[in-house]
Amino acid sequence: MRKVLLFCFILCLSPSLTTGEFIDNGDGTITDKGTGLMWEKEGPGPRMSWEAAITYCESLSLAGYDDWRLPNIKELRSILDYRRYNPAIDTSCFPATVPFYYWSSTTYPTDSSEAWSINFFSGYDYGGHEYSSLKSLKRHVRAIRGGYSR
């Protein structure tokens, strides 16, 4: 009984386990029905610094939209699927996801030279000195549009 309750508790607290209804728009974008956010289906390929990631996203023109941006850490977490690993995401919707770090727009609160990132191999997020999230490091990128940038 305890194991069942624990599983239900985890399921309720993990939005990526209960949502994840994605629509492939057929134009290089994916829409998350749960959040209403639109994602770039495949990133630009090569890894880049945090500053370059912001520039890439803000200059992206895709599917007739030019209001793309780098997702914040909460938004990036929303496409994780903790039932999967290597990569920890639905690869039928995001087939080119590299099981490595992806940048978020969220700067680490105690050190402005660092930003949060998520390792899509395991789904863990990283920020701060312990995991070396210096903005100068090269990470992968996936652009987003809609919602609010924080």
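Numbering starts at 1 and runs along the sequence shown.
- No chain of hydrophobic side-chain contacts below 4.5 Å, direct or via other Ile, Leu, Val, Met, Phe, Trp or Tyr residues, connects Tyr85 to Tyr82.
- Leu76 CG to Leu70 CG: the interatomic distance, rounded to the nearest 0.5 Å, is 8.0 Å.
- When all heavy atoms of Val141 and Cys57 are compared, the closest pair comes out as CG1-SG, 3.6 Å.
- The distance from atom CG of Leu80 to atom CZ of Arg83, rounded to the nearest 0.5 Å, is 12.0 Å.
- Taking the six-membered ring where the residue is Trp, the centroids of Tyr126 and Trp116 are separated by 6.0 Å or more.
- In terms of the side-chain contact (heavy atoms from CB on, under 4.5 Å) criterion, residue partners of Ala52 (sequence neighbours excluded) are, by chain and number, Met48, Ser49.
- Under the salt bridge (charged side-chain N to carboxylate O under 4.0 Å, His left out) criterion, Asp67 pairs with Arg145, sequence neighbours left out.
- Evaluation of the side-chain contact (heavy atoms from CB on, under 4.5 Å) rule for Ala96 yields Glu42 as partners, not counting sequence neighbours.
- Clustering ILVMFWY residues whenever any of their side-chain heavy atoms sit less than 4.5 angstrom apart, transitively, puts Trp68 in a cluster other than the one holding Ile23.
- By the rule that hydrophobic residues join a cluster once side-chain heavy atoms approach within less than 4.5 Å of another member, Ile73 and Tyr108 end up as members of one cluster.
- In this structure, Thr29 and Ala63 approach most closely via the heavy-atom pair CG2-CB, 3.8 Å.
- Summarising the geometry of Trp103 relative to Ala53, their closest heavy-atom pair is CD1-CB, 3.9 Å, with the distance given to 0.1 Å.
- Looking at Lys41, its side chain never comes within 3.5 Å of a backbone N or O of Pro95 through a donor-acceptor pair.
- Between the side chain of Asn119 and the backbone N or O of Phe121 there is at least one donor-acceptor pair closer than 3.5 Å.
- Listed by first then second residue, pairs satisfying salt bridge (Lys or Arg N to Asp or Glu O under 4.0 Å) with a partner in residues 46-62 number zero, not counting sequence neighbours.
- Under the side-chain hydrogen bond (donor to acceptor under 3.5 Å, both in side chains) criterion, Asp66 pairs with no residue at all, not counting sequence neighbours.
- No side-chain donor from either of Lys74 and Thr106 sits under 3.5 Å from a side-chain acceptor of the other.
- Closest heavy-atom contact between Pro71 and Arg142: CD-O, 3.1 Å.
- A distance-only check finds a donor-acceptor pair linking the side chain of Arg69 to the backbone of Gly146 [under 3.5 Å].
- The structure places OH of Tyr101 at 7.5 Å from OG of Ser133, a figure rounded to the nearest 0.5 Å.
- In the hydrophobic clustering of ILVMFWY residues, with side-chain heavy atoms under 4.5 Å counting as a link, Leu62 and Tyr65 come out together.
- Taking both residues in full, the closest heavy atoms of Phe100 and Lys138 are given as CE2-O, 4.2 Å, listed atom of the first, atom of the second, then distance.
- A distance of 7.0 Å separates OG in Ser105 from CD in Glu75, rounded to the nearest 0.5 Å.
- Under the 4.5 Å side-chain criterion, counting only non-hydrogen atoms from C-beta, Trp39 is in contact with Ser78.
- When every heavy atom of Phe22 is checked against every heavy atom of Cys93, the shortest pair comes out as CB-SG, 3.5 Å.
- In this structure, OH on Tyr102 lies 4.5 Å from OG1 on Thr97, to the nearest 0.5 angstrom.
- Residues Leu37 and Ile118 are members of one and the same hydrophobic cluster, defined by side-chain heavy-atom contacts under 4.5 angstrom among Ile, Leu, Val, Met, Phe, Trp and Tyr.
- Note that CZ of Arg84 and CD1 of Ile89 are 9.0 Å apart. Values are rounded to the nearest 0.5 Å.
- With sequence neighbours excluded, the residues satisfying side-chain hydrogen bond (donor to acceptor under 3.5 Å, both in side chains) with Lys33 are Glu21.
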